[in-house]
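All chains are named by letter (A, B, ...) in the order of the sequence lines, taking the proteins before the strands, and each is independently numbered beginning at 1. These numbers come from the heavy atoms of this one structure, side chains and all, not from hydrogens, waters or symmetry mates.
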4 protein chains.
Amino acid sequence: MAKTKSIPSLVKDPELVKIRRGQIIRAAVDLFVEKGFHKTTTREIARESGIGIGTLYEYIQSKEDVLYLVCDFIHSDVEQKLDEEMTHGRNGRETLVNAIRYFYRVMDGMQDYVLLIYQEMKSLPGDMLRYVLAKEEEITSRFERILERGIKDGSLVLEPDSVKLMAHNIVVLGQMWAFRRWVLSRHYTLDQYIDHQTSLILQGMQG
Amino acid sequence: MAKTKSIPSLVKDPELVKIRRGQIIRAAVDLFVEKGFHKTTTREIARESGIGIGTLYEYIQSKEDVLYLVCDFIHSDVEQKLDEEMTHGRNGRETLVNAIRYFYRVMDGMQDYVLLIYQEMKSLPGDMLRYVLAKEEEITSRFERILERGIKDGSLVLEPDSVKLMAHNIVVLGQMWAFRRWVLSRHYTLDQYIDHQTSLILQGMQG
Amino acid sequence: MAKTKSIPSLVKDPELVKIRRGQIIRAAVDLFVEKGFHKTTTREIARESGIGIGTLYEYIQSKEDVLYLVCDFIHSDVEQKLDEEMTHGRNGRETLVNAIRYFYRVMDGMQDYVLLIYQEMKSLPGDMLRYVLAKEEEITSRFERILERGIKDGSLVLEPDSVKLMAHNIVVLGQMWAFRRWVLSRHYTLDQYIDHQTSLILQGMQG
Amino acid sequence: MAKTKSIPSLVKDPELVKIRRGQIIRAAVDLFVEKGFHKTTTREIARESGIGIGTLYEYIQSKEDVLYLVCDFIHSDVEQKLDEEMTHGRNGRETLVNAIRYFYRVMDGMQDYVLLIYQEMKSLPGDMLRYVLAKEEEITSRFERILERGIKDGSLVLEPDSVKLMAHNIVVLGQMWAFRRWVLSRHYTLDQYIDHQTSLILQGMQG
DNA sequence: CATGAATGAGTTTTCATTCAT
DNA sequence: CATGAATGAAAACTCATTCAT
């Protein structure tokens, strides 16, 4: 699992930090989704968090910190969901099919958050951006591992140097449901979408 | 070809408007790519355009107008490039292969612009956003037409209701080269990328 | 009749100056009444005048010049109307009664302009302001002369040092119909107003 | 007493709001008197108030708010002064004479403020304007009540439907001392003015 | 004489951040 | 630890005026 950059806080009690940051993240996610990062003010974040503006700055150092916290939270949420569900299946191929279906459903439920990360990530300072990108890569690597398992057990046929690319394809086509939903959902249901994309991906992996 | 929303200008001479807006767009594209829309100031746009801030506002009505002008310019540039090159090939299949290669190379050359549109589009006012999304769809539809041609001439095998999805796949996998370049280019050259993706797409289209 | 300050013009043909300034004044009066002096732009004045912004500045030197032209025009209009009608009557008393009625009706018809002068006058540069105030005084002095005539012919009884004050009273109570119209007109018709004020004024002038 | 529109403030402590707005009003009154509303900048208001520009906007929402605060302050000041002094006198007639003298002296002391309200009132947004006009009417109604008392106790003779008009006359002739002072003071002292106008008004109210 | 494109000083307003309580 | 009043740098946008054509 990818590392998380720790954001300094003036408050020392780690339990309290966790609680307050939870409030902050919950408030900020909604606000960022609704109005975007730049159009959300720190005052709004504080108000929606139920704390004072001064208190907000006891738990973060800058507005960008909040964005990082939010991105990290979303990624962790995705990761956690994947960890719960992505290892089922008798062989690599079955696991892959299950994982795709599950991942795409997660993407469907988190479309606003997927968009948020895609659109606001660039506002992060360099070092935070690297952490976020690493998490993005980490998620992709989960599919790499499934693919490798399938290759090993013979249920999937794929050149080794295609593994990484195929994993990215799987992830991006899942995210595509989120950021092209405005047009895709006019023509396909989520399940149709999953079926189509799954068969495309599987076709790409047989002898 | 998708319509373009016309942005009002205080200056009446249309030739001059075209020239000055050209300057503005050229300056703004670079600035937006470098610092993002929100962190670019109107004064910077004016300075880089070689005109005064007052003059800038003779040619636009708001900063969002500049963003629209930039998005529209980028899309038009892509469209124009596609129009020049995308119809070659003896049959649908060959045209598709050529088109993919050509499109992905365009995406490679315009990666900053692709990112720009993905990340800043949401800052457009509603009506402008609709125009930009329509252009995005228009670009996808060019691939739909190629696919349909291949189905008709028998060089491609594809269910009719998969056409739209496959066109989106082609486009998004092209854009993916732009917005995942930070990791993909560590493992694949552009041509490798094109070869892999082309074969994946073609595998998805045979009997 | 009070002097009028001449506003310099780059255009030499006096006939043309008169015509163009007529256009400018007509446009500006309406705009100033509608939006006030400060919220009216020179561009709007030019547009409504049917001339270009460059041309506007051939006939004036600054925006304040337009305000002066407008104030002067309104005053001249009032003066001219008074000159036509204010000398009728067999004696001073009768002339006064006629003059009041006539003046108050003029004020009623010009209420927007009366307000305009009261509210925007202060934006005039010092020397122009003096000219406008002189015209205001000039109008008052017309009533002084009527009062003096009435004193002389015995139809009005008034201390000589009250003449000036009474003349101001007459004028201001006329203007009051304009700038308190929002409440007065809810309780009195114009003719009732005139009757009441006339009798008040006459009561103030009997032995 | 007429209601006052409450202007929202970001600062919650009402005592502090009162103090800071006091500073702001004091600074703004002087500046508006000196240069007019439009030519006074918010930065000047802040500077003269002894606070930062950011702080200014913690206590108001727009420059118009300051104008309203100023108008309201002036009106309240007038009202308060009238309340202190205007009820003395054995009967209505005596009260009236005292009230006129007192009111006209107040007008003399506040001439700049009277002018300010007359000239800048129109820059208020619609709802604020209504509040200011209501206060203006409220002041007039104080004289109505004195007149009614005089009618009741027989010390003043006046048709009931003339009461309102006469009250307006009293007020406007008081304000006239403020806005025609430039000419009136060349011919009359304040006390002469008061004597003359008082006797005019009283002559209008006897059998 | 007529025009309108060009200009930049100046305006109101916002908002992330700090720090005394 | 919590608070929110104070701050000023910076932002978008306006508009009277000029001047080359």
Side-chain angles (χ1 to χ4, degrees), chain A residues 9-13 16-17 20 38-47 50-66, chain B residues 9-13 16-17 19-20 38-47 50-64 66, chain C residues 9-13 16-17 20 38-47 50-66, chain D residues 9-13 16-17 19-20 38-47 50-64 66:
Chain A
S9 165
L10 292 177
V11 175
K12 293 307 161 207
D13 176 356
L16 190 52
V17 171
R20 290 277 181 274
H38 281 102
K39 294 208 173 149
T40 300
T41 67
T42 51
R43 265 173 158 157
E44 285 172 313
I45 295 170
R47 191 183 331 119
I51 61 178
I53 180 68
T55 310
L56 177 65
Y57 274 85
E58 298 277 306
Y59 294 93
I60 55 155
Q61 309 227 75
S62 74
K63 197 185 168 193
E64 277 73 30
D65 282 359
V66 179
Chain B
S9 165
L10 290 178
V11 174
K12 293 306 165 205
D13 178 358
L16 190 53
V17 171
I19 293 170
R20 289 280 179 275
H38 282 103
K39 295 212 173 145
T40 301
T41 69
T42 52
R43 295 194 112 89
E44 285 172 312
I45 296 171
R47 189 179 336 116
I51 61 178
I53 180 68
T55 309
L56 176 65
Y57 276 89
E58 297 275 299
Y59 293 92
I60 54 155
Q61 310 227 79
S62 71
K63 198 185 168 192
E64 276 74 29
V66 179
Chain C
S9 165
L10 291 177
V11 175
K12 293 307 162 208
D13 177 355
L16 190 52
V17 171
R20 289 278 181 273
H38 282 102
K39 295 209 173 149
T40 301
T41 67
T42 51
R43 264 173 158 157
E44 285 171 313
I45 295 169
R47 190 184 332 119
I51 61 178
I53 180 69
T55 311
L56 177 65
Y57 275 84
E58 297 277 305
Y59 294 93
I60 55 156
Q61 309 227 75
S62 73
K63 198 184 167 192
E64 277 72 29
D65 283 359
V66 179
Chain D
S9 165
L10 289 179
V11 174
K12 292 307 166 204
D13 178 359
L16 190 53
V17 172
I19 293 170
R20 289 279 179 275
H38 282 102
K39 295 212 172 145
T40 301
T41 68
T42 52
R43 295 194 109 88
E44 286 172 312
I45 296 171
R47 190 180 335 117
I51 60 179
I53 180 67
T55 309
L56 176 65
Y57 275 88
E58 296 275 299
Y59 293 93
I60 55 156
Q61 312 227 79
S62 71
K63 197 184 168 193
E64 276 75 29
V66 179

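Looking at every heavy atom in both residues, B:I45 comes nearest to B:T40 through CG1-CG2, 3.7 Å. Closest heavy-atom contact between A:Y57 and A:K63: OH-N, 4.3 Å.
By the 4.5 Å heavy-atom criterion applied to side chains, A:R20 and A:V11 are not counted as neighbours.
Considering only residues two or more places apart in sequence or on other chains, A:R43 meets the salt bridge (charged side-chain N to carboxylate O under 4.0 Å, His left out) condition with D:E58. Considering only residues two or more places apart in sequence or on other chains, A:E64 meets the salt bridge (charged side-chain N to carboxylate O under 4.0 Å, His left out) condition with none of them. Residues satisfying the side chain to side chain donor-acceptor pair (under 3.5 Å) test with D:R47, not counting sequence neighbours, are none. Remark: A:T41 pairs with A:E44 by the side chain to side chain donor-acceptor pair (under 3.5 Å) rule, at least two apart or across chains.
In this structure, CD1 of D:I45 is placed 10 Å from P of E:dT13, rounded to the nearest angstrom. In this structure, the NZ atom of D:K12 is 8 Å from the P atom of F:dA5, given to the nearest Å. Going from atom CG of D:L16 over to atom P of F:dT3 covers 18 Å, rounded to whole Å.
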task: Starting from the C-alpha separation in whole Å, work towards a yes-or-no answer on side-chain contact (heavy atoms from CB on, under 4.5 Å) for C:D65 and C:Y59.
output: CA-CA 9 Å; C:D65 283 359; C:Y59 294 93; over 6 Å; no

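Of the side-chain N and O atoms in B:Y59, none sit less than 4.0 angstrom from OP1 or OP2 of E:dA5. Residue C:R20 places none of its side-chain N or O atoms closer than 4.0 Å to OP1 or OP2 of E:dC1.
Residue D:R47 is out of contact with every strand shown, counting any heavy-atom pair closer than 4.0 Å.
Remark: DNA chain E takes part in the stems E:2-21 with F:2-21, each of 3 or more antiparallel Watson-Crick or G-U pairs, criterion distances under 3.5 Å.
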5' to 3', nucleotides 15-21 of chain E under a 4.0 Å protein heavy-atom cut-off (B base, S sugar-phosphate only, - none) gives BBBB---

